[in-house]
Amino acid sequence: MTSRPTVWRKLLSSLFVGFCGLSVLVALVPLAFILFYVINEGISSLSFDFFTKMPKPVGEPGGGMANAIVGTLVVTGLGSLFAVPIGILSGVYMSEYAGTRFASLVRFAADTLNGVPSIVVGVFIYGIAVLPFKQFSALAGGLALGVMMIPIIARTTEELLLLVPGTMREGALALGATRSRAVFSVVLPAALPGIITGVVLALARIAGETAPLLFTAFSNRFFTTQLTQPIATLTVMVFTYAISPYRDWHRQAWAGALVLVTIVLICSLLARYATRRLESIQSM
Amino acid sequence: MSARKLLAIAGCAVALGAGASAQTVLINGAGATFPYPIYSKWFSEYNKVHPTVQINYQSIGSGGGIRQVTNQTVFFGATDGPMTNDQLIAAPGKILHFPTVLGAVVPVYNIPGVTAELKFTGPVLVDIFMGKLTKWNDPEIARLNPGVSLPVADITVVHRSDGSGTTYIWVDYLSKVSDAWKAKVGVATAVNWPSGVGGKGNEGVAGLVQQTPGAIGYVELIYALQNKINYGSVQNLAGEFVRASVPSVTAAAAAAAGKMPADFRVSITNADGKGVYPISSFTWLLLYESPKDKAQSKTMVDFVKWALTDGQKFCAELGYAPLPEPVVKLELAALAKIKIS
Amino acid sequence: MAGGAGRTRRSGDLGFRLGTGAFAVVLVLIVCAIGFELTRQSMLSIEKFGLNFWRTQVWDPVAGQFGALPFIWGTLYSSILALALATPIALGIAVFISELCPNLLRQPLVFLTELLAAIPSIVYGLWGIFVLVPFVRSVESAMPQALRSLPIFSGPPLGVGMLAAGLILAVMVIPFTSSVAREVLKSVPGAQREGAYALGATRFEAIRAALFYARTGIIGAVMLGFGRALGETMAVTMVIGNNPRISASLFAPQYTMAAVLANEFTEADTELYLNALIEIGLVLFIITLIVNSLSRLLIWSMARSSSTAAVAAPAEPPTVEEAA
């Protein structure tokens, strides 16, 4: 025999479950909308020209974003050159000396840096890498992106290294290895697939940043490989085109957005796949 | 492929890149969005004639042009609002102004159901931008436009959110026709707007006006033309309602051509004369008299000479008025001051 | 005892510690450098305006009068609005994925929420300008006159404004809060839930117990989302209207600290103007530092208290938003 309170409780529970399911749908709706619009608007503007031609002067239809695509690869590459060593080695330090106060300080610094708004990073790099050299440059842009990547890579490395079973480290040390040998020859390789996944995800996230590039890499209507010159990037160009009144530029902005989202999608899928493989290997 | 081979290929690529750049001259400039359409045309055309010259211009607004050229993070700046004496003193070296084209700033609007060309007077524009006139069917506006049925719609003012020479020209004109505006808001590339929404660049304002029913904004003529946005006529000192066009802008410059100051900093808004469009202006390139990089300097001077002569033929199709001949002569003489070696 | 080998190992260890430590020091130095540079470059403004900078409404570059109150207002308003909209949904998702979801759906749903976090903010901004703003404008226009007279709904229906900014920020914040909340819920010992069910609880009641147990962590997750909203630049600046005015209305165009930095930085033509902008950046830095530290502290204390209890959560490699 069910009493009134029980009926009410069951109803509340069903409503709650319903709300949770609904939340998932509500969150997926904008995702679907965004993907739909980006694909729909962008795909009609994607053409061979888009990937190979330079931007045309205002008012002339056609042209492409070839320089911006290369530019994004360049600044992201520069950023990772700077960030990967610092990030991984800081992560190694944090995991190996996890109990110490300095490691806690480093962890706090990494989390802080993670939370710094990207525009503030841009302002900082402008002050130290653009103004003193009186030059906007791809290097400054790479530096800004690198600064943003460091904490992501550091924390990912730290967490993955901590996940490696202690037995592996202890086994290496018991066999007479130095700490550095133990870490670099045994522990790190074990965590490497996950670390690489983390780096790839960090790259994908940073490739989509706009604000830190606005006052560092600036932009360039031409194609350049000189690192000490301003360089066009996909994100800044999409921004410039999006706020313009030219319909042709709007279409190109959507195409640029499609390229960005595709990069992110591929990297996320790769990361997921790599994680699944990693899990299955580790469980063997 | 072995690591050594990869390294060798990378080394070649870098060398090739370095080699190619040894001949290419890269010049960076930034500034006004007002002349961006003609500048981007010029840099593209000049690059066709001189393939080793790449002039990278970013339209970040006149305020940005002045700032970055003062910081020397770009080689040249561009502005529609001439630098003030304070700004010139703050620069690390002497900066020269060179007018390149003439343009007009027009009041653009997006009123549902209205396709006619509206007439405005200076005082009415002041009141709209001060936020005193808030509805399109206000008697002040209706009085000037008897044949048009104006809806009972809110007026949304759109202005620049960035520092802009287009703003400078616009508020310069408003200050000349209204002491109240001059006292309350003043003249500069960025002002404290009494009301409205901010758009970034001429592009941003045009975009916002297009998307917002009931909006009014101000943009350089070409932005209105290229995007087929309605723009109105403005009453000049002679009492005529004049629409911006190449002839009416040229008329505004005619008086100034005779008494051009040596540093070329002159305002031609609210100029006197028949057929004059009152919100016209020169736009200037900002160059250092003694820049450090002489190769870039020589290239830039050659470009400016081309722009003042051959380049002027591209003006009309983009809605800019070419410079009066006497002004070009004065400028070519002034260019000689720039150190190119 | 192989003393020689021991000494080699110790010096090898020392080299290792110093070597990796050096890189860790670089990380710390970067954070310090940011704080230092921001302070140094805003000294002019700090000295001239002092605390009044945060109390004055007027932002007038012509007169050299800089008051940052409109930007603080705009930042807080948009972020709190985003939080109000996003938190229930994010928690609902977290609960659904970790407690209620059929196993088959779990991985795809996690992937989809990650995707929401991974979409670049410029793409959000682009979608915002061309899709969200017209939609908001039509919603604003459809608002009945009776409601229009309320200050929160006053003003012409522009589309751009606080509502659009709040909506976009909410969508961007949802995946962050939801993924951390999910991790936090996972670390609640199974005994908690099992005990509740054993006592005859409904699903809702058992989950409520778990949520209550995890409350510090959940608050931490919410604050993390808040920190994310505070610093967002591109998407906001494209839909908020860029007007430094304080208004209670959702329809009014307003301005945030990050947006004014992005729009006006390259053209601040006087030292004072530039310093005032950088001071805004400094405050943004400090606020996000405080909010993020607080959130990490809450999450960490939650993790600590639950790890002293039973069953540890199964290891799962960090996802993209955990890394964010």
Side-chain angles (χ1 to χ4, degrees), chain A residues 53-63 67-68 70-71 74 77 81 125-138 140 210 213-233 236-237 239-250 253, chain B residues 13-14 16-18 20-21 24 26-28 30 33 35-45 47 53-60 64 68 71-75 92 108 161 199-211 219 222-229 292 314 317-319:
Chain A
K53 290 267 171 60
M54 298 303 138
K56 285 247 176 93
V58 153
E60 280 182 39
N67 57 344
V70 170
V74 168
L81 265 176
I125 298 289
Y126 176 81
I128 64 167
V130 173
L131 217 45
F133 302 101
K134 306 212 193 297
Q135 178 83 285
F136 292 108
S137 61
T210 319
L213 295 171
L214 289 174
F215 337 121
T216 50
F218 211 38
S219 190
N220 201 329
R221 302 294 292 170
F222 296 95
F223 180 81
T224 177
T225 47
Q226 285 193 57
L227 300 176
T228 50
Q229 288 292 331
I231 197 166
T233 47
V236 171
M237 203 157 254
F239 176 58
T240 312
Y241 280 20
I243 58 174
S244 76
Y246 310 112
R247 217 132 300 180
D248 189 57
W249 279 17
H250 291 171
Chain B
V14 171
L16 270 171
S21 62
T24 317
L26 269 161
I27 301 180
N28 295 304
T33 57
Y36 186 51
I38 183 106
Y39 284 179
S40 71
K41 183 84 180 172
W42 276 351
F43 299 135
S44 166
E45 292 293 324
N47 181 252
V53 176
Q54 289 181 348
I55 306 180
N56 170 34
Y57 178 80
Q58 296 298 321
S59 69
I60 59 176
Q68 299 308 319
N71 283 345
Q72 296 181 301
T73 44
V74 294
F75 186 77
V108 284
S161 61
K200 194 162 169 57
N202 266 299
E203 306 91 348
V205 171
L208 265 176
V209 169
Q210 271 179 321
Q211 291 155 11
V219 294
I222 187 60
Y223 288 90
L225 289 173
Q226 276 182 344
N227 296 282
K228 307 197 181 21
I229 316 179
K292 284 198 205 79
F314 295 107
E317 81 194 51
L318 289 172

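Letters go in sequence order (proteins before strands), and every chain restarts at 1. Values below: all heavy atoms of this structure, side chains included; hydrogens, waters and symmetry mates excluded.
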Check [X] against [Y] and note the closest heavy-atom contact, atom names and distance.
| X | Y | answer |
| --- | --- | --- |
| A:F223 | B:Q54 | O-OE1, 3.9 Å |
| A:Q135 | B:T73 | N-CG2, 3.9 Å |
| A:R221 | B:Y57 | CG-O, 3.9 Å |
| B:N56 | A:S219 | ND2-O, 2.7 Å |

Report task. List the steps, then state whether side chain to side chain contact (heavy atoms under 4.5 Å, CB included) holds for A:F136 with B:Q58. Result -> CA-CA 12 Å; A:F136 292 108; B:Q58 296 298 321; over 6 Å; no
Which atoms of [X] come close to chain A, meaning under 4.5 Å heavy atom to heavy atom: side chain ones, backbone ones, both, or neither?
| X | result |
| --- | --- |
| B:F75 | neither |
| B:I60 | side chain |
| B:N71 | both |

Report summary line: Hits for salt bridge (Lys or Arg N to Asp or Glu O under 4.0 Å) against A:K53, two or more places apart or cross-chain, chain-then-number order -> A:D49
**Report entry** side chain to side chain contact (heavy atoms under 4.5 Å, CB included) against B:K41, all qualifying residues, sequence neighbours excluded
**Finding:** A:E60, B:E45, B:F314, B:E317, B:L318
Query raised in the report: Is it the side chain or the backbone of A:T224 that comes within 4.5 Å of chain B heavy atoms, both, or neither?
Result: side chain
Report task. Let me know if A:F133 has heavy atoms under 4.5 Å from chain B in its side chain, its backbone, both or neither. Result ->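 Answer is neither: A:F133 stays 4.5 Å or more from chain B.
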Query - Verdict with reasoning, B:T24 to A:F222, per side chain to side chain contact (heavy atoms under 4.5 Å, CB included) - result: CA-CA 11 Å; B:T24 317; A:F222 296 95; over 6 Å; no
